[in-house]
Amino acid sequence: ANFSQNYRAINFTDLRIDNPNGRVDPSIRDERGYTADLGLRTRRNTWWYADVTAFYIGYYDRIGQLLRADQPPLYNDYRLRTNISDARNIGIEAFAEANLWHLIAPKDSLRRLSLFINTSVIDARYVNTDDASIRNRKVELVPPMTFRTGLSWAQGRFRSSFNWAFTAEHFTDATNA
């Protein structure tokens, strides 16, 4: 189990404008929050290993970009970098690895055929905001699911592996447009 306080200071990238359609909120503030997680880890001799962790991440004053429109008469669109809203991430991550060669030939320690699986499921949303364009929207750049798996063979100094990964669709902006 773990509980820790988070802090992210405003940095140069948050304040830099590299696009003429971008603006920075003059009252932008540092982010703060906390992380809590609870996990279970197990090992069965040298052939089986597993780790499962549930977590909650709370952000206050999360920094991001919102699409806004200028005042009349032009109404030009621009991206505003500001403290968007509070956000919360709830998820679970699991990893398991097994030496399948141990099941085939338990006394053969010169070879190894390992299968691993790693997956995470996350629900990250904006909360505690009066802005209807982002209220309860998904946090950008947080895929709701990732899955990775692989198979590796080792014999002496020779090693070979096959890996496969999947990342679910996710949004790149706070309004989920």
Side-chain angles (χ1 to χ4, degrees), residues 1-9 11-14 30-65 81 84-129 134-177:
N2 177 56
F3 182 86
S4 60
Q5 184 178 5
N6 300 336
Y7 174 78
R8 179 185 172 272
N11 58 44
F12 179 74
T13 305
D14 294 325
D30 298 336
E31 291 180 4
R32 61 195 195 299
Y34 62 93
T35 301
D37 60 73
L38 179 65
L40 176 67
R41 189 174 290 160
T42 183
R43 181 180 300 273
R44 179 89 175 176
N45 297 327
T46 59
W47 72 277
W48 168 260
Y49 174 81
D51 188 326
V52 177
T53 303
F55 60 89
Y56 181 94
I57 303 171
Y59 285 104
Y60 302 109
D61 297 325
R62 190 171 189 286
I63 296 171
Q65 293 185 23
R81 180 169 288 281
I84 295 177
S85 169
D86 296 346
R88 61 107 179 111
N89 299 10
I90 300 171
I92 189 164
E93 182 173 13
F95 175 82
E97 182 176 18
N99 177 5
L100 303 177
W101 193 256
H102 177 80
L103 301 175
I104 297 167
K107 297 185 189 247
D108 184 357
S109 62
L110 300 176
R111 294 175 188 91
R112 184 172 178 88
L113 177 65
S114 295
L115 172 69
F116 80 87
I117 296 172
N118 175 244
T119 189
S120 64
V121 178
I122 303 171
D123 181 42
R125 297 193 180 266
Y126 286 108
V127 295
N128 301 333
T129 181
I134 61 170
R135 184 181 311 117
N136 205 33
R137 300 274 194 226
K138 294 181 179 181
V139 174
E140 66 273 19
L141 305 176
V142 180
M145 180 183 179
T146 57
F147 179 79
R148 295 176 182 90
T149 188
L151 190 65
S152 63
W153 171 257
Q155 182 172 347
R157 296 178 69 179
F158 175 78
R159 299 197 189 310
S160 179
S161 64
F162 169 78
N163 296 307
W164 183 80
F166 167 79
T167 302
E169 290 183 345
H170 51 282
F171 295 100
T172 58
D173 69 295
T175 61
N176 297 174

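Residue numbers start at 1 and run along the sequence shown.
His102 has its side chain out of reach of Asn45: every pair of non-hydrogen atoms, C-beta onward, lies at least 4.5 Å apart. Within the 4.5 Å cutoff, no side-chain heavy atoms of Ile84 are placed close to those of Arg137. In this structure, Asp173 and Gln65 have side chains that are not in contact, with every pair of non-hydrogen atoms separated by 4.5 Å or more. Under the 4.5 Å side-chain criterion, counting only non-hydrogen atoms from C-beta, Tyr49 is not in contact with Phe116. For the pair Phe55/Ile122, a side-chain contact is recorded, criterion being any heavy-atom separation below 4.5 Å from C-beta on.
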(Q) Determine whether Leu141 and Thr172 satisfy the following criterion, side chain to side chain contact (heavy atoms under 4.5 Å, CB included), listing intermediate values before the conclusion. (A) CA-CA 5 Å; Leu141 305 176; Thr172 58; 4.0 Å; yes

Q) Please walk me through it: do Asn163 and Arg148 pass side chain to side chain contact (heavy atoms under 4.5 Å, CB included)? A) CA-CA 7 Å; Asn163 296 307; Arg148 295 176 182 90; over 6 Å; no

Q. Given the rule in the side chain to side chain contact (heavy atoms under 4.5 Å, CB included) test, do Glu93 and Asp51 qualify, once you have shown the distances and angles that lead to the verdict?
A. CA-CA 8 Å; Glu93 182 173 13; Asp51 188 326; over 6 Å; no

Q: Take Phe171 and Val142, measure what side chain to side chain contact (heavy atoms under 4.5 Å, CB included) needs, and give me the verdict at the end.
A: CA-CA 8 Å; Phe171 295 100; Val142 180; over 6 Å; no

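Side chain of Thr149 to backbone of Ile117: no donor-acceptor contact under 3.5 angstrom is found.
Atom CG in Asn99 sits 9.0 Å away from atom CH2 in Trp47 (nearest 0.5 Å). Taken to the nearest 0.5 Å, the CG atom of Asp86 stands 6.0 Å off from the CG atom of Asp61. Between the CZ atom of Arg88 and the OH atom of Tyr34 there is a distance of 10.5 Å, given to the nearest 0.5 Å. Atom OG of Ser4 sits about 7.5 Å away from atom CG of Asp37, to the nearest 0.5 Å. In this structure, CG on Asp30 lies 6.5 Å from CD1 on Ile63, to the nearest 0.5 angstrom. The distance from the CH2 atom of Trp153 to the CZ atom of Arg159 is 11.5 Å, given to the nearest 0.5 Å.
In plain terms, the two heavy atoms of Ala168 and Pro143 that are nearest each other are O-CB, 3.8 Å. The nearest pair of heavy atoms linking Ser85 to Thr129 is OG-CB, 3.4 Å. Listed here is the closest heavy atom pair of Leu38 and Ala1: CD1-CB, 3.8 Å. When all heavy atoms are compared, the tightest approach of Glu140 to Ala174 is OE1-CA, 3.5 Å. Of all the heavy atoms in Ala98 and Trp48, the pair that sits closest is CB-CE3, 3.7 Å. Closest of all the heavy-atom pairs between Leu110 and Asp108 is N-OD1, 3.0 Å.
Looking at Thr35 and Asn6, their side chains do bring a donor and an acceptor atom within 3.5 Å of each other. Judged by distance alone, the side chains of Ser120 and Thr146 do bring a donor and an acceptor atom under 3.5 Å apart. Residues Tyr126 and Arg62 bring a donor and an acceptor atom of their side chains to less than 3.5 Å of each other.
Using a cut-off of 4.0 Å between Lys/Arg side-chain N and Asp/Glu carboxylate O, Asp123 and Lys138 are scored as not salt-bridged.
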